[in-house]
Amino acid sequence: MSMHDDTARPDDDLAADYVMGLLEGAELATAEQRMTTDIVFAKAVNVWRERLSDLDATAEALEPSSDLWGRIADSTRVKPAIPLPGARAALGGATLWHNIRFWRGAGIGSAFAALLLAVILIGALGTSRQLRNELIALAQSKPVYVAVLVNDTTREAGAIVNAFSNGRVELIPLQNIEVPAGRTLQVWTLWDRAIGPKSIGLTGQSRTLQLDLDTLPETVADQLFEITLEPEGGSPIGRPTGPILFKGNTARAL
């Protein structure tokens with residue numbers, strides 16, 4: 001995500017900073033007011049809350065080492081305080097600890113909060129924009145939804161579809177899928193039966209494929225993905241015509 005001047009920042013950047021508790025003063029007041037009056041901005045905030053809450057759902061609990069708080073205290077020149085409330089007191093005026101909207105709104109759990117605390121204590125309060133970008137990158141590095149595409153007859157898994165929080169969706173083959181001459185593999189998705197399946201990818205060979213869902217709604221749970229064998233160049237009618245080789249529905253990633 002690129003950096004922008006604070007006087008003319010895109011709503012998505014502002015929403016991310018609001019969810020992570022990085023806004024202060026006039027910017028914070030403006031964001032809170034827009035939450036009640038601007039539907040588009042409120043939706044952007046909710047999207048970021050969901051993105052960051054996924055970190056809590058997938059993060060493994062980490063047990064800090066016994067000397068962690070001592071090293072943190074040394075680096076910040078604060079008398080060691082082992083219990084977490086003491087660490088909060090040592091922070092004093094650090095606004096992020098007292099920003100309840102950050103901890104409740106973002107839905108970040110204890111493991112991620114402990115990691116973030118360490119970053120703050122070591123000096124990240126002076127580099128909040130860098131911290132935001134690192135959090136965004138972390139949120140986008142793991143898939144939110146995964147679909148395992150299986151052959152109905154053999155029950156063999158042929159491919160996996162990974163859907164990420166930034167909208168990127170990829171297909172990774174799990175086996176070599178033979179493509180006869182004059183034919184092509186076409187990938188489809190179906191999220192609404194009233195609309196019908198939409199083509200999101202074509203390939204003449206079994207390979208990792210970045211799927212094109214840019215013009216479609218955000219991927220959701222139980223969304224169908226399937227691979228069919230079509231004439232070279234793809235289905236001539238915009239709907240699957242060939243046999244379904246593999247199919248599966250999305251589930252939230254563990």
Side-chain angles (χ1 to χ4, degrees), residues 1-59 84-85 87-89 91-117 119-120 124-145 163-169 191-192 194-195 213-223 250 252-253:
M1 185 172 293
S2 60
M3 301 293 290
H4 301 277
D5 184 87
D6 283 351
T7 60
R9 297 165 56 197
D11 281 354
D12 195 55
D13 281 6
L14 191 64
D17 285 356
Y18 176 73
V19 170
M20 286 184 276
L22 300 178
L23 300 183
E24 294 182 350
E27 271 196 323
L28 177 59
T30 299
E32 290 180 333
Q33 197 262 338
R34 289 185 63 187
M35 279 292 293
T36 62
T37 60
D38 188 333
I39 296 176
V40 174
F41 180 71
K43 181 178 179 180
V45 168
N46 288 333
V47 167
W48 272 110
R49 284 174 173 164
E50 182 175 352
R51 284 176 179 174
L52 292 180
S53 69
D54 292 327
L55 293 174
D56 184 43
T58 60
L84 186 58
R88 280 202 296 268
L91 275 170
T95 58
L96 190 56
W97 262 116
H98 303 290
N99 192 330
I100 301 302
R101 287 178 300 276
F102 173 71
W103 299 110
R104 293 180 178 172
I108 298 178
S110 58
F112 190 66
L115 173 61
L116 186 57
L117 170 61
V119 173
I120 293 170
L125 285 175
T127 57
S128 61
R129 292 298 180 270
Q130 179 183 352
L131 174 61
R132 182 197 66 190
N133 290 342
E134 290 173 356
L135 287 172
I136 290 170
L138 181 59
Q140 295 174 348
S141 65
K142 292 185 177 181
V144 179
Y145 294 103
F164 298 86
S165 63
N166 63 352
R168 183 171 68 88
V169 183
W191 72 97
D192 187 336
I195 297 176
L213 280 76
D214 289 346
T215 61
L216 303 183
E218 186 175 349
T219 303
V220 296
D222 206 35
Q223 183 166 328
T250 55
R252 184 168 288 275

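Sequence positions, counted from 1, serve as the residue numbers for this chain.
Every residue meeting the side chain to side chain contact (heavy atoms under 4.5 Å, CB included) condition with Ala31, not counting sequence neighbours, appears here in chain and number order: Tyr18, Leu23, Phe41. Partners of Asp192 under the side chain to side chain donor-acceptor pair (under 3.5 Å) rule, at least two apart in sequence or in another chain, do not exist in this structure. For the side chain to side chain contact (heavy atoms under 4.5 Å, CB included) test, residues two or more places apart in sequence or in another chain that qualify with Asn46 are Arg49.
Pro143 approaches Ala253 most closely through the heavy-atom pair O-CB, 3.3 Å.
Contacts classified as salt bridge (Lys or Arg N to Asp or Glu O under 4.0 Å) and involving residues 34-43 (residues at least two apart or in different chains) are given here: Asp11-Arg34, Arg34-Asp38.
Between Asp17 atom CG and Trp48 atom CH2 the span is 9.5 Å, to the nearest 0.5 Å. Leu28 CG to Gln33 CD: the interatomic distance, rounded to the nearest 0.5 Å, is 12.0 Å.
Counting heavy atoms from C-beta on, the side chains of Gln223 and Val169 never come closer than 4.5 Å.
In the displayed structure, Ile195 atom CD1 is contacted under 6.0 Å by more than 12 heavy atoms of other residues, nucleotides or ligands.
Without hydrogens or angle criteria, Thr219 side chain to Gly167 main chain gives no donor-acceptor distance under 3.5 Å.
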